[in-house]
Amino acid sequence: MMISIYVVKLGKMLIFVAGQFAGQLEFRSFYSEHETGYVHLIYLKPNFRGRGLALKLQDYIVNALLQAGYRFKWFCLMIP
């Protein structure tokens, strides 16, 4: 599965799979809490769900924040 992530602006990214728009990703830091990252949104269009893509995006987020010097104490995911 060919995944491409394009940064639209700081903290907001568009997700493409094999050239097709698949969803968006939003995460940032809490400025009042040094080294704390916050995931606002992992959205996938219905036809891209159930393929394990969200887990790959979680890994991407964690790695991006760790490389930027953030530490993780917990990670919570809500699925509507």
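Position 1 is the first residue of the sequence; numbering continues from there. The figures here come from the full heavy-atom set of this structure, side chains too, leaving out hydrogens, waters and symmetry mates.
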Which distance, rounded to the nearest 0.5 Å, do you find between the CG of Leu57 and the CD1 of Ile5?
5.5 Å
CZ of Arg51 to CD1 of Ile3: how many Å apart, nearest 0.5 Å?
10.5 Å
When clusters are formed by joining ILVMFWY residues with side-chain heavy atoms under 4.5 Å apart, either directly or through shared neighbours, do Leu55 and Met13 land in the same one?
no
Give the cluster check for Ile61 versus Leu53: same hydrophobic cluster or not, with ILVMFWY residues linked at side-chain heavy-atom distances below 4.5 Å.
yes
For Gln24 and Leu14, the nearest pair of non-hydrogen atoms, with its separation, is CB-CD2, 4.1 Å
To the nearest 0.5 angstrom, please state how far the CG atom of Leu25 sits from the OH atom of Tyr60.
7.0 Å
How far apart are the closest heavy atoms of Tyr6 and Phe16, and which atoms are they?
CD1-CD1, 3.4 Å
Here the pair of heavy atoms bringing Phe48 nearest to Gln20 is CZ-OE1, 3.5 Å
